[in-house]
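Reviewing the structure listed below.
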Amino acid sequence: MGRLSYAATAADTMRASLQKIFDLHTKGHLVDPLPKELEFSLLPFRSCLDFRLDELRAQREFVGDIYIDIIDDGELNARAFTVEDDEFVGINAGFAVVLPIFYLSVLSHPTACPEIGNAEAERSTGGIEKELLFLSGRARDLPLRINWKQLNQPRDETRMHYAAYLIKLAFDFLLSHEIGHIVRCHITHLAQAHFRIASASAVKMLIEFEHDLSVKECAVRRVLEADADSLAARVQIGAHEHNRPD
């Protein structure tokens, strides 16, 4: 029991240390407590992330000691970065907020995926609020500026479940994609090739959608993005085969 207790304490200390580094180079990890509306939206993603991390860490040769967390940032997207020998993946909370709204809204339209469930039961004609795609600032402040009541969602139960399935699939894909940037050494490759990465002393961060890149660097980045996508797809196909859809 003594050894187990010591191991647990050491792991907690290490996590706390990595969390401080993570917070220093992001807008900070998502904390508790959060405003009610935001916590309701993010709760499934907290659970999903915990479940996926338990699965991934059971395969340590894949994720190693990568620190993974949700960033208190209302913007979309995610990031992968290294600080000396430590590796990090952060998913913006804004992604976990907008993703459900997007898929639920799409499946609430009768013309979207008409082969899924009873599309004729849908009546939505509204679109997605454009401001959701341009959120900024701390995620914990988002409910103050968004009318969460104007959320379209499918009336048909099958389409509702399908939307939930697509939401989880997209979240899993993004997580595996960012991990792919780490385990496939994309950041190291860009640094060694003297391509542009956000770098301050020991910090190296892969910034997507940068401007004014050379033709050669754009081509290399497309290859790296496709490589991360390929890894994420293989992870999802493997999980599908392992868990069996039935």
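The structure displayed is predicted, hence computed values, not measured ones.
Hydrophobic clustering (side-chain heavy atoms under 4.5 Å, transitive across Ile, Leu, Val, Met, Phe, Trp, Tyr) keeps Val223 apart from Val215. Hydrophobic clustering, with ILVMFWY side chains joined whenever heavy atoms are under 4.5 angstrom apart, keeps Phe173 apart from Tyr165. The cluster map of Ile, Leu, Val, Met, Phe, Trp and Tyr, joined by side-chain heavy atoms under 4.5 Å apart, puts Met14 and Phe22 in the same cluster. In the hydrophobic cluster analysis, where Ile, Leu, Val, Met, Phe, Trp and Tyr join through side-chain heavy atoms closer than 4.5 angstrom, Phe95 is grouped together with Leu169. A single hydrophobic cluster is not seen to contain both Ile66 and Leu24; linkage of ILVMFWY side chains at heavy-atom distances under 4.5 Å, directly or through other members, places them apart.
Between Asp227 and His186, some side-chain heavy-atom pair lies under the 4.5 Å cut-off. Put simply, the side chain of Leu231 does not reach to within 4.5 Å of the side chain of His177, judged on heavy atoms. Glu157 has its side chain out of reach of Asn118: every pair of non-hydrogen atoms, C-beta onward, lies at least 4.5 Å apart.
Pairing each heavy atom of Glu178 with each of Ala78, the nearest pair is CG-CB, 3.7 Å. Taking all atoms of both residues into account, the shortest heavy-atom contact from Leu107 to Tyr162 is CD1-CD2, 4.2 Å. Taking each heavy atom of Ala80 and His181 in turn, the nearest pair found is CB-CB, 4.1 Å. Annotation for Glu75 and Leu135: closest pair CG-O, 3.1 Å, computed over non-hydrogen atoms. Closest approach of Leu104 to Ala163, counting heavy atoms only: CD2-CB, 3.9 Å.
Using modelled atom types, no side-chain atom of Ser230 and backbone atom of Ala226 make a donor-acceptor pair closer than 3.5 Å. No donor-acceptor distance shorter than 3.5 angstrom exists from the side chain of Asp156 to the backbone of Ala121, with no hydrogens or angles considered. Judged by distance alone, with hydrogens and angles left aside, the side-chain atoms of Asn152 form no donor-acceptor pair with the main-chain N or O of Ser108 at under 3.5 Å. Between the side chain of Arg159 and the main chain of Pro110, no donor-acceptor pair closer than 3.5 Å is present. Here the side chain of Glu122 pairs a donor or acceptor atom with the backbone of Arg155 at under 3.5 angstrom. In this structure, Ser176 contributes its side chain and Asp172 its backbone to a donor-acceptor pair below 3.5 Å.
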- Task: Go through the steps to decide whether Leu224 and Leu190 satisfy the test side-chain contact (heavy atoms from CB on, under 4.5 Å), and finish with yes or no.
- Result: CA-CA 10 Å; Leu224 298 184; Leu190 289 174; 3.8 Å; yes

- Message: Is there a side-chain contact (heavy atoms from CB on, under 4.5 Å) between Thr26 and Phe81? Walk through the geometry before answering.
- Response: CA-CA 10 Å; Thr26 66; Phe81 63 99; 3.9 Å; yes

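Expressed to the nearest 0.5 Å, how far SG of Cys185 lies from CD of Gln192 amounts to 8.5 Å. Remark: Phe171 CZ to Leu49 CG distance equals 4.5 Å, nearest 0.5 Å. Interatomic distance, CD of Gln19 versus CG of Asp12, reported as 11.0 Å (0.5 Å rounding). Asn92 CG to Leu174 CG: the interatomic distance, rounded to the nearest 0.5 Å, is 9.0 Å. Here the straight-line distance linking atom CZ of Phe88 with atom CD1 of Ile71 works out to 11.5 Å at 0.5 Å rounding. If you take CG on Asp69 and CG on Leu30, they are separated by 8.0 Å, rounding to the nearest 0.5 Å.
Pairs passing the salt bridge (charged side-chain N to carboxylate O under 4.0 Å, His left out) check and including a residue from residues 78-107, sequence neighbours excluded, read Asp73-Arg79.
Salt-bridge formation is not detected for the pair Lys27/Asp72: no Lys NZ or Arg NE/NH1/NH2 atom is positioned less than 4.0 Å from an Asp or Glu carboxylate oxygen. We find that Arg221 and Glu225 are not joined by a salt bridge, their nearest charged nitrogen and carboxylate oxygen being 4.0 Å or further apart. Ion pairing between Asp50 and Arg46 fails under the 4.0 Å rule for side-chain N and carboxylate O.
The side-chain contact (heavy atoms from CB on, under 4.5 Å) with Ile182 is formed by just one residue from the set Val89, Ile68, Thr188; it is Val89.
Not a single ring pair (Phe, Tyr, Trp, His ring centres under 6.0 Å) links His109 to another residue, sequence neighbours left out.
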